[in-house]
Amino acid sequence: MIIIIINNNKRADGRDFNELRPLKIEAGVLERADGSAYLELGGNKVLVAVYGPREFYIRRMQRPDRAIIRCRYNMAPFSVEDRKRPGPDRRSVEISKITSEALKPAVFLEKFPRSTIDVFIEILQAEGGTRCAGITAASVALADAGLPMKDLIVSCAAGKANGQVVLDLSEIEDKEGEADLPVAIMPRTGEITLLQMDGHLTPEEFEKALDLAIEGCNKINQKQKEAIKKRYGE
Ligand code: CDP
């Protein structure tokens with residue numbers, strides 16, 4: 001077994017079990033996009049561009065009563081240690097789908113019938129937890145696009161490594177650990193908009209990991225709000 005948790009409950013990167021990696025969020029970083037955001041979480045670097053709402057050119061896929069959110073999660077070939085083959089794969093198709101579903105409940109889509117809102121998530125550097133980082137950044141980019149929203153969506157994972165339930169898994173904890181539990185919430189209502197689980201947790205561990213992930217989400221939400229305030233003034 002690779003040792004991920006070292007003495008005194010400290011993790012390999014020096015964090016406590018309930019500690020996030022260093023986080024930085026900036027809103028409005030691209031000029032051509034309607035909304036954009038840049039996020040760093042530990043070694044993850046994520047850029048998001050939002051276009052729309054604009055009329056959906058594929059007529060048969062238009063919704064007469066609301067807009068749809070289309071997400072494209074993409075990993076740059078240079079974002080991981082082994083060059084990633086460019087283009088969509090099963091994993092990126094799955095992450096694009098769950099991201100769009102996680103974001104949907106926050107936006108007043110009924111205000112934009114027959115429209116599409118396009119969200120492009122580019123992972124420039126990956127270090128575990130990119131789906132959560134992508135959702136958190138995408139939500140800031142949607143707000144930056146001026147879309148009417150009920151709240152931001154924020155995402156964070158918890159999991160289990162070397163028998164310990166820990167917050168915000170690093171790449172090694174994700175790969176070598178026993179479980180990964182990515183969660184997204186709408187903080188104001190506490191509604192869970194994403195819940196996935198990879199690996200095994202007992203019911204008690206699951207409860208503990210879920211609570212920890214929600215706690216992490218609430219911390220990250222403060223940074224999202226700060227990023228938007230910084231862009232648009234208090
Ligand atoms: O990124 P996330 O944890 O949401 O998704 P994952 O499928 O659990 O991937 C975990 C990590 O494995 C990613 O964040 C990357 O750091 C790494 N990975 C990689 O090295 N090469 C890939 N083709 C895909 C993922």
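Ligands are counted one by one from 1 in listed order, and the atoms in each one are counted from 1 as well.
Counting protein heavy atoms only, atom 16 (O) of ligand 1 is closest to Glu171 OE2, 2.8 Å. Of the protein's non-hydrogen atoms, Lys175 CE, 3.6 Å is the one closest to atom 12 (O) of ligand 1. Atom 8 (O) of ligand 1 has as its closest protein heavy atom Asp174 OD2, 3.2 Å. Among all protein heavy atoms, the one lying closest to atom 18 (N) of ligand 1 is Val80 CG1, 3.9 Å.
Using a 4.0 Å cut-off between heavy atoms, Arg131 contacts ligand 1 through both its backbone and its side chain. Counting heavy atoms under 4.0 Å from ligand 1, residue Glu127 touches it through the backbone alone. Looking at Thr130 against ligand 1, both its backbone and its side chain come within 4.0 Å, counting heavy atoms.
Distances below 4.0 Å separate heavy atoms of Ala126 from the following atoms of ligand 1: 15 (C), 16 (O).
For Lys150 and Phe108, the positive end sits near the middle of the six-membered ring, less than 6.0 Å away and at most 45° from its axis.
No donor-acceptor contact under 3.5 angstrom links the side chains of Ser96 and Arg72, judged on distance only. Checking Glu127 against Asn44 by side-chain atom types alone, no donor-acceptor pair falls below 3.5 Å. In the model, Glu215 has no side-chain atom that pairs as donor or acceptor with a side-chain atom of Asn218 under 3.5 Å.
Not a single N or O atom of Glu81, backbone or side chain, sits closer than 3.5 Å to an N or O atom of ligand 1. For Cys132, no nitrogen or oxygen atom sits less than 3.5 Å from a nitrogen or oxygen atom of ligand 1, counting backbone and side chain alike.
With hydrogens and angles disregarded, no donor-acceptor distance shorter than 3.5 Å links the side chain of Asp174 to the backbone of Gly128. Listed for the Ser92 side chain is no donor-acceptor partner under 3.5 Å among the backbone atoms of Pro88.
Val46 and Tyr51 end up in different hydrophobic clusters when Ile, Leu, Val, Met, Phe, Trp and Tyr side chains are linked at under 4.5 Å.
Closest heavy-atom approach to atom 23 (N) of ligand 1 among the candidates Gln125, Lys84, Glu94: Lys84.
The salt bridge (charged side-chain N to carboxylate O under 4.0 Å, His left out) test with Glu173 singles out one residue from Lys160, Arg11, Arg21, and that residue is Arg11.
Within the structure, ligand 1 has Arg91 among the residues with a heavy atom less than 4.0 angstrom away.
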